[in-house]
Amino acid sequence: MKLDPIFSMKRQNSNTAWVSRIFGLGIIITLAIFLLNFYLVGFGVYGDGTGYYAPLRSIIFDGDFKITNEYEFYAQSASKFGGGVRTTYPLPDYSKYTIGMGLILSPFFILGHFLGLILQVLGFNIETNGLSWPYELFYCLGSISLGIAGLILSYQTARRFFSRFASLLAVIGVWFASPLTFYLCLEASMSHAVSQFLISLFLYLNIVTNWLKSPRLQLLMGLVLGLAVLVRPQDGLFLIVPVILGFFQQISSNNVRFQDIQKAFLNPIYLKAGLIIIGTMLLLQLPQIFVYLSQYGSVANIPYLREGADEGYGASFNWGNPQIFKVLFSGFRGLLTWHPILLLGLIGLGFMVRQLPILTSSLWIAFGLQVYLIAAWWCWWQGASFGGRMFSNCSLIFILGLASLWDKFYQKGWSKFAFLLTLFLMFWNGLLVLQYESGLISPEEPISLAQLLKNQFIALPYFINHITHR
């Protein structure tokens, strides 16, 4: 069995100035939407983002992880779109969310502190207490910056195999026609943009480097995946990719025997690489385990593991009855019905199997594990969610699939159709954003696919009326 030509394929040198301009335009649009929303709402941290942000502020200013005083402040903060969007009732003592977001975005939080000090010197009435707008602004800009960096890495990865046109169009499609759109442009304080960056970096290292022979790269991969797990524990499932790629790198014959499989698994190089990656990843989880133990006394008492029973679902995870069809195809946050461009990405990923069977199979398995985990969760609709938000970490997988599909269109002379279809699906996604932001659909209540489609035709005038009469 021959390994996919992952490490031998190189991008062709060519003029990429127009690619930079397209990325620049995407950045301008993203920042314009975010800054306008920040100005209109008055802050940038809300929803689940509050749970990630508050412990960072608490540990820096209060020296502990107790967040009651932060949530009391948020409870008193009035939004121009209505109060209460930043709080959880009753006010919690501790955050159930992981510490990775705060750790990674702490440099941006500190930049916000410096901005606050500068504004004070200039005579502005800004409190440098971790709760004023400069902190939230830079915290969110950090999340957006990392999210965009992840998209750039995804483009670089796609260019290893596909044309510039196909790769760029795939990136733009995921940027503005997937759930990632919302968590880059609006709710940047949530963890999805950062998670997308870390997993895109992890997959990039898997795909474009010869990591199996480099302990330094293995250490880096363990660090990246460890940080990703600290941000979103579900990201740990992407460990399956190097497990598969590393295994098949050692098999060169098409006639695989049991002895070959056994030899590959027991190869010291393979075992050492796995030990470094997994050991580093697990080592990085010790601070989170310590925090949870100090807060809840036992890992079993973590709110995520108790919520299912507390909400009357028996358990937080139902491994024997995952709601896979609903997660993918229902009107209630169904990933592929809300974001049809991702269905095209999966179709393109199917085409990749012949060209890159081992890589593609590893990506399919990684995506399948995400589907199964999310579908087994009691809250499979992912709470107050714009579409399938928890699949944002799969963005590079979708980009590779789309690039594969658009490359075939490009070769057949159908590039204009691919471009127009992507524009339409971006517009479709934009209408969904308007539905969600204007309250035309509830953040958490079920909605049928028929109602979701019907709402698309009235989303724009409804949103305009919502804005003008708020």
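For the pair Cys379 and Gly383, the tightest heavy-atom approach, listed with the atom from each and the gap, is SG-N, 3.2 Å. Of all heavy-atom pairs spanning Ser106 and Leu56, the tightest one is CB-CD1, 3.9 Å. Considering every non-hydrogen atom in both Pro55 and Phe65, the closest pair reads CB-CD2, 3.9 Å. Here the shortest heavy-atom pairing between Thr98 and Val231 reads OG1-O, 2.9 Å. Minimum interatomic distance between Ala188 and Ser143 (heavy atoms only, all atoms of both residues): O-OG, 2.7 Å. Considering every non-hydrogen atom in both Ile148 and Leu184, the closest pair reads N-CD2, 4.2 Å.
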>> side chain to side chain donor-acceptor pair (under 3.5 Å), that's the test. Do Tyr52 and Ser191 meet it? Break it down for me.
In response: CA-CA 8 Å; Tyr52 291 106; Ser191 60; 3.3 Å; yes

>> Using side chain to side chain contact (heavy atoms under 4.5 Å, CB included), reason through Trp364 and Val353 one step at a time and then give a plain yes or no.
In response: CA-CA 10 Å; Trp364 269 112; Val353 172; 4.3 Å; yes

> Taking it one step at a time, do Phe238 and Cys394 satisfy side chain to side chain contact (heavy atoms under 4.5 Å, CB included)?
Replying inline: CA-CA 9 Å; Phe238 284 93; Cys394 296; 3.9 Å; yes

>> Checking Phe138 against Phe108 for the ring-ring contact (aromatic ring centres under 6.0 Å, His included) test, could you report, in this order, the C-alpha distance in whole Å, the side-chain angles of both residues, the deciding distance, and whether it holds?
In response: CA-CA 5 Å; Phe138 272 83; Phe108 298 94; 8.0 Å; no

>> For a side chain to side chain contact (heavy atoms under 4.5 Å, CB included) check, start with the C-alpha distance between Tyr372 and Trp319, then their side-chain angles and the critical distance, and finish with the verdict.
In response: CA-CA 8 Å; Tyr372 178 67; Trp319 303 112; 3.4 Å; yes

>> Before you tell me yes or no, could you show the steps for Arg389 and Glu187 under salt bridge (Lys or Arg N to Asp or Glu O under 4.0 Å), namely the whole-Å CA-CA distance, both residues' side-chain angles and the distance that decides it to 0.1 Å?
In response: CA-CA 11 Å; Arg389 62 184 175 90; Glu187 290 201 25; over 6 Å; no

> When you look at Asp48 and Tyr97, which way does the side chain to side chain donor-acceptor pair (under 3.5 Å) test go after all the steps?
Replying inline: CA-CA 8 Å; Asp48 288 355; Tyr97 300 98; 2.8 Å; yes

> Are Gln435 and Leu431 close enough, and set up right, to give a side chain to side chain contact (heavy atoms under 4.5 Å, CB included), and what steps lead you there?
Replying inline: CA-CA 6 Å; Gln435 282 198 53; Leu431 292 178; 5.7 Å; no

>> Please determine whether side chain to side chain donor-acceptor pair (under 3.5 Å) holds for the pair Asp64 and Ser58, giving the CA-CA distance in whole Å, both sets of side-chain angles, and the decisive distance to 0.1 Å.
In response: CA-CA 6 Å; Asp64 57 37; Ser58 183; 2.9 Å; yes

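Aromatic ring centres of Phe367 and Phe398 lie closer together than 6.0 Å. Aromatic ring centres of Tyr139 and Phe109: separated by at least 6.0 Å. In summary, the aromatic rings of His339 and Phe182 are positioned with their centroids too far apart to meet the 6.0 Å limit.
The side-chain heavy atoms of Phe317 and Trp378, taken from C-beta on, include no pair separated by under 4.5 Å. Looking at Asp235 and Arg232, their side chains come closer than 4.5 Å, going by heavy atoms from C-beta outward. Side-chain atoms of Leu293 and Ile289, non-hydrogen and from C-beta on, do get closer than 4.5 Å to each other. The side-chain heavy atoms of Tyr436 and Pro443, taken from C-beta on, include a pair separated by under 4.5 Å. In this structure, the side chains of Leu151 and Leu180 come closer than 4.5 Å at one or more pairs of heavy atoms. Counting heavy atoms from C-beta outward, Thr30 and Ile144 have side chains that approach closer than 4.5 Å. In this structure the side chain of Leu186 never reaches within 4.5 angstrom of the side chain of Thr181, judged on heavy atoms. Side-chain atoms of Leu220 and Leu205, non-hydrogen and from C-beta on, do get closer than 4.5 Å to each other.
Each of Asn210, Ile244, Ile358 was scored for a side chain to side chain contact (heavy atoms under 4.5 Å, CB included) with Gln249, with one residue passing: Asn210. Here the options are Trp175, Phe23, Phe161, the test is ring pair (Phe, Tyr, Trp, His ring centres under 6.0 Å), and the partner is Tyr155; only Phe23 passes. Residue Tyr410 forms a ring pair (Phe, Tyr, Trp, His ring centres under 6.0 Å) with just one option from Phe162, Phe165, Phe417, and that option is Phe165.
Between the side chain of Trp338 and the backbone N or O of Gly331 there is at least one donor-acceptor pair closer than 3.5 Å. Listed for the Gln156 side chain is no donor-acceptor partner under 3.5 Å among the backbone atoms of Ser154. Thr280 places no side-chain N or O within donor-acceptor distance of the main-chain N or O of Ile277, the cut-off being under 3.5 Å. Under a 3.5 Å cut-off, the side chain of Gln323 and the backbone N or O of Ala376 do not form any donor-acceptor pair. Listed for the Tyr183 side chain is no donor-acceptor partner under 3.5 Å among the backbone atoms of Val194. Using a distance-only test at 3.5 Å, with no hydrogens or angles considered, a donor-acceptor pair links the side chain of Thr422 to the main chain of Ala418. Gln196 places no side-chain N or O within 3.5 Å of a backbone atom of Asn393 that could act as its donor or acceptor partner. The main-chain N or O of Tyr304 is found under 3.5 Å from a side-chain atom of Ser316 such that the two form a donor-acceptor pair. The backbone N or O of Gly348 sits less than 3.5 Å from a side-chain atom of Ser404, completing a donor-acceptor pair. The main-chain N or O of Ser330 is found under 3.5 Å from a side-chain atom of Thr337 such that the two form a donor-acceptor pair.
Between Tyr313 and Trp381, the ring-plane angle classifies as tilted under the 30° and 60° cut-offs.
More than 12 heavy atoms of other residues, nucleotides or ligands sit less than 6.0 Å from atom CG of Leu282. No more than 12 heavy-atom neighbours from other residues, nucleotides or ligands sit within 6.0 angstrom of NZ on Lys66.
Put simply, CD1 on Ile104 and CG on Leu198 are 4.5 Å apart, with the number rounded to the nearest 0.5 Å. With rounding to the nearest 0.5 Å, the separation of CZ in Phe409 from CG in Leu169 is 10.5 Å. Here Glu437 contributes atom CD and Phe386 contributes atom CZ; the two are 9.0 Å apart, rounded to the nearest 0.5 Å. The line from CG of Leu284 to CG of Leu103 is 9.0 Å long, rounded to the nearest 0.5 Å. In this structure, Ser145 OG and Leu31 CG are separated by 7.5 Å, a value rounded to the nearest 0.5 Å. To the nearest 0.5 Å, atom CD of residue Gln456 and atom CZ of residue Phe427 are 8.5 Å apart.
The cationic atom of Lys326 (NZ for Lys, CZ for Arg) does not lie both less than 6.0 Å from the six-membered ring centre of Phe332 and within 45° of the ring axis.
Side-chain polar atoms of Ser163 and Asp407 form a donor-acceptor pair below 3.5 angstrom.
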